[in-house]
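Let me begin by presenting the structure, written as structure tokens, before commenting on it.
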Amino acid sequence: MRPGSGYGLGLKDAVLSGWFQNDTDELFRGIHVGTDDVVVDVGCGDSGNGFYCAQRGAHVIAIDIDPKVLAVVKSRIAQIDQALCTTLISDANPLPLANETATRVICTEVLEHVEDPDQLLAELFRVGKPGARYLLSVPGSLNENMQKCVAPPEYFERPNHIRIIDRQQFADMVTRSGLVIEEQTQHGFFWSVWWALYWACEVDLSNPSHPILDHWTEAWEGVLKLPRGHELKRQLDSFMPKSQIIIACKP
């Protein structure tokens, strides 16, 4: 997703939260990616995460239910090396992969969509090698409850978000799968507010140009430049994150 003028600042904000650490080749802090890795990205969407991994020489297996999305992913990664990408059309029930395929497993902003999160997490566990690292995320529950007040009703209907997952529920789901949680964190207060304003602006997501969205982006940029701006970001991210994140490993 590249929402207008917010994208560049949103990327900077994400990097401050731990995403896309180019100096250490970490997709998210603690998730180093290199040429020996096989990365399974489930519910990949446009697979910006997969593209980052392919840039570091990892083989990316991108999985989604939408063949058009997968065609875009394959085309993007082919700009690096088409041999680094495999695409699979699947609803992940089950995943069309052998046991112990992946060294890195990504599943971001997917569990809130599926009928049975425990089933999906069991599949994610199955396809990881022993010692595999997992990057998992779901929307923050406070943010989701705010969006529910202002978003169109279909945003919380199938095939969109059908459940709101709080912090403890998320941890319990991951633990039940057999994965060991190493870190549970969050990010994206900026995007929580951006989305709430987006619904009110009634613009197309493919080009969400609106003065209100631009003003919010400028305001947040100003916040980050304050002497305590990064500390304030961490505090607000903790209060109302766009995404909850779990870093886990398979024993």
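In what follows, residues are counted from 1 in the order of the sequence shown. Values in this document were obtained by computation on a predicted structure and should not be read as measured data. Any value given below was found using the heavy atoms of this structure, including those in side chains, with hydrogens, waters and symmetry copies removed.
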Ion pair Arg133/Glu26, N-O distance below 4.0 Å: no
Pair Glu231 + Arg228, salt bridge at N-O below 4.0 Å: yes
Non-hydrogen atoms of [X] and [Y] that approach each other most closely:
| X | Y | value |
| --- | --- | --- |
| Asn143 | Pro241 | CB-O, 3.3 Å |
| Ile31 | Tyr134 | CD1-O, 3.9 Å |
| Pro251 | Gly178 | CD-O, 3.5 Å |
| Ser243 | Glu109 | OG-OE2, 3.1 Å |
| Ala58 | Leu84 | O-CD2, 3.6 Å |
| Ile162 | Val114 | CD1-O, 3.5 Å |

Hey, does the side chain of [X] reach the backbone of [Y] with a donor-acceptor pair shorter than 3.5 angstrom?
| X | Y | value |
| --- | --- | --- |
| Ser177 | Val174 | yes |
| Asp37 | Thr103 | no |
| Trp216 | Phe190 | yes |
| Arg104 | Asp41 | no |
| Ser192 | Lys242 | yes |
| Lys129 | Glu100 | yes |
| Asn145 | Leu142 | no |
| Gln186 | Arg167 | no |
| Arg29 | Ser17 | yes |
| Asp237 | Gly188 | yes |

Gap separating the [atom1] atom of [X] from the [atom2] atom of [Y], nearest 0.5 angstrom:
| X | Y | atom1 | atom2 | value |
| --- | --- | --- | --- | --- |
| Met146 | Glu144 | CE | CD | 9.5 Å |
| Leu236 | His187 | CG | NE2 | 14.5 Å |
| Asp64 | Leu70 | CG | CG | 5.0 Å |
| Ile65 | Leu88 | CD1 | CG | 14.0 Å |
| Leu95 | Ser90 | CG | OG | 5.5 Å |
| His230 | Lys225 | NE2 | NZ | 10.5 Å |

Step-by-step side-chain contact (heavy atoms from CB on, under 4.5 Å) determination, Ile106 to Cys53: CA-CA 11 Å; Ile106 305 169; Cys53 295; 4.2 Å; yes
Please check if [X] and [Y] belong to a single hydrophobic cluster, counting links between Ile, Leu, Val, Met, Phe, Trp and Tyr side chain heavy atoms closer than 4.5 Å.
| X | Y | answer |
| --- | --- | --- |
| Ile61 | Ile80 | no |
| Val105 | Phe20 | no |
| Phe239 | Phe170 | no |
| Val150 | Ile212 | yes |
| Leu135 | Ile181 | no |

Leu179 and Leu136: CA distance, side-chain angles, deciding distance, side-chain contact (heavy atoms from CB on, under 4.5 Å) verdict: CA-CA 11 Å; Leu179 295 173; Leu136 311 170; 4.2 Å; yes
Evaluation steps, salt bridge (charged side-chain N to carboxylate O under 4.0 Å, His left out), between Arg158 and Glu115: CA-CA 10 Å; Arg158 292 178 179 82; Glu115 295 291 340; 2.5 Å; yes
Stepwise side-chain contact (heavy atoms from CB on, under 4.5 Å) check, Val60 with Val73: CA-CA 10 Å; Val60 177; Val73 171; 5.8 Å; no
No-hydrogen, no-angle side-chain donor-acceptor test under 3.5 Å, His59 and Thr86: yes
Residue pair Asn207 / Ser209, side-chain donor-acceptor N/O under 3.5 Å: no
Once the angle between the rings of [X] and [Y] is folded into 0 to 90°, is it parallel (under 30°), tilted (30 to 60°) or perpendicular (over 60°)?
| X | Y | value |
| --- | --- | --- |
| Trp19 | Phe28 | perpendicular |
| Tyr155 | Trp199 | perpendicular |
| Trp195 | Tyr198 | perpendicular |

Taking atom [atom1] of [X] as the centre, does the number of heavy atoms from other residues, nucleotides or ligands within less than 6.0 Å exceed 12?
| X | atom1 | value |
| --- | --- | --- |
| Asp204 | CG | yes |
| Leu11 | CG | yes |
| Glu182 | CD | yes |
| Glu157 | CD | yes |

Axial cation check for Phe125 ring with Lys250, 6.0 Å and 45° limits: yes
side-chain contact (heavy atoms from CB on, under 4.5 Å) between Gln235 and Leu232, worked out: CA-CA 5 Å; Gln235 292 166 335; Leu232 182 58; 3.8 Å; yes
